[in-house]
Amino acid sequence: MKVCDIIEKLDLKVIAGAEGLQNEITGGYTSDLLSDVMGNADEGYVWITLQTHRNVMAVASLKEVAAVIIVKGLEADENTITQSNDEGIPLLSSEMETFELSGKLYQLLNE
C-alpha cells in the first residue's frame, strides 16, 4: 500500500511533501516521544503523532518513514512544512484522535 492509498480512506489532508505520496508503507508507529520513534520505528512506517515542530521531520528523515500524520487537526509549524517539502516525506493531517486513527490504519494495513 502506498501513502496516496490511505489519504482518501482515512480522510487525511496533505499539508506538505506531496512528492512522496507514492512512498510504500510497510507498517505504522504511534508515538509522541521522538526518542521512542528513533529507537523503534522502521523504514517505510507511517508515523502518527501530535507533535508539530520541525524536529518531527528530522526524525522522520533519519528513520526514512513513509509519511507523518498529525492528529486532532493540529497545525504544523512553517519550518516543519518546509522540511517536509525538502525531504519529500508527506506530512498529513487528521481530525481524528490518535487512538482512532491508529486503529483504522492498522485495519487498512492488515486487510
Side-chain angles (χ1 to χ4, degrees):
M1 183 172 290
K2 296 179 187 268
V3 173
C4 60
D5 298 327
I6 68 168
I7 291 171
E8 185 176 329
K9 293 176 182 178
L10 295 176
D11 193 27
L12 303 174
K13 175 183 167 192
V14 179
I15 299 170
E19 73 182 53
L21 294 180
Q22 295 300 313
N23 291 347
E24 194 70 34
I25 299 170
T26 60
Y29 200 77
T30 302
S31 183
D32 299 320
L33 188 60
L34 301 182
S35 60
D36 178 49
V37 176
M38 287 180 6
N40 297 295
D42 289 329
E43 179 180 343
Y45 277 18
V46 173
W47 174 17
I48 299 172
T49 185
L50 58 70
Q51 298 290 344
T52 61
H53 52 81
R54 82 174 184 182
N55 290 343
V56 167
M57 294 314 300
V59 171
S61 177
L62 176 72
K63 296 304 291 189
E64 298 181 17
V65 300
V68 175
I69 305 173
I70 299 173
V71 296
K72 298 167 65 170
L74 297 170
E75 295 188 19
D77 294 347
E78 279 301 317
N79 291 331
T80 308
I81 293 169
T82 299
Q83 192 165 355
S84 170
N85 286 324
D86 290 348
E87 300 286 345
I89 298 172
L91 183 61
L92 311 171
S93 177
S94 173
E95 295 295 322
M96 285 183 256
E97 294 286 334
T98 306
F99 180 76
E100 181 182 8
L101 181 61
S102 296
K104 288 185 177 193
L105 179 62
Y106 178 85
Q107 285 180 319
L108 277 177
L109 295 178
N110 289 287
E111 286 183 340

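If you read the sequence from its start, that first residue is 1, and numbering goes on from there. Quick note: numbers below take in every heavy atom, side chains included, and nothing from hydrogens, waters or symmetry partners.
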Would you check if the side chain of Asn23 reaches a backbone N or O of Val3 as a donor-acceptor pair within less than 3.5 Å? no
Is there a path of hydrophobic side-chain contacts, each under 4.5 Å between heavy atoms of I/L/V/M/F/W/Y residues, joining Phe99 to Leu74? no
So, taking the atom named OG in Ser93 and the one named CD1 in Ile7, what distance separates them when rounded to the nearest 0.5 Å? 11.5 Å
Is Leu62 reachable from Val68 through a run of hydrophobic residues whose side-chain heavy atoms are each under 4.5 Å from the next? yes
Once you round to the nearest 0.5 Å, how far does CH2 of Trp47 lie from CG of Leu34? 5.0 Å
Indicate the atoms forming the closest heavy-atom contact of Asn85 with Gly17, along with that distance. OD1-N, 2.7 Å
What one should report as the nearest heavy-atom pair of Ile70 and Ala76 is CD1-CB, 3.8 Å
In short, Ala66 meets Pro90 closest at the heavy-atom pair O-CD, 3.2 Å
A side-chain contact here means heavy atoms from C-beta on lying under 4.5 Å apart; do Glu97 and Lys72 qualify? yes
On a heavy-atom basis, the closest approach of Glu87 and Ser61 is OE1-OG, 2.9 Å
Tell me whether the count of non-hydrogen atoms from other residues, nucleotides or ligands lying under 6.0 Å of CD in Glu75 goes above 12. no
In Å, rounded to the nearest 0.5 Å, how long is the span from CD1 of Ile25 to OH of Tyr45? 12.5 Å
Working note: Leu10 + Leu92, criterion side chain to side chain contact (heavy atoms under 4.5 Å, CB included); need CA distance, chi angles, decisive distance, verdict. CA-CA 11 Å; Leu10 295 176; Leu92 311 171; over 6 Å; no
How far does NZ of Lys9 sit from CE of Met1, to the nearest 0.5 angstrom? 4.5 Å
Is Thr49 reaching over with its side chain to a backbone N or O of Ser31, donor-acceptor style, under 3.5 angstrom? yes
Scanning both residues in full, the closest heavy-atom pair of Ala67 with Ile89 reads CA-CG2, 4.1 Å
Shared ILVMFWY cluster between Leu33 and Val71, side chains joined below 4.5 angstrom? no
From Asn79 CG over to Ser84 OG, what is the distance, rounded to the nearest 0.5 angstrom? 12.5 Å
Using residues 52-60 as the side-chain source, report each donor-acceptor pair under 3.5 Å to any protein atom, sequence neighbours left out, with the distance given to one decimal.
from, atom 1, to, atom 2, distance (Å)
His53, ND1, Asn55, N, 3.4
His53, NE2, Gln51, OE1, 3.0

Name each donor-acceptor pair under 3.5 Å that joins a side chain in residues 100-109 to protein atoms two or more places apart or in another chain, with its distance.
from, atom 1, to, atom 2, distance (Å)
Glu100, OE2, Lys104, NZ, 3.4
Ser102, OG, Thr30, OG1, 2.8
Ser102, OG, Thr98, O, 2.9

Measuring from atom CG of Leu91 to atom OG1 of Thr80, what distance do you get when rounded to the nearest 0.5 angstrom? 7.0 Å
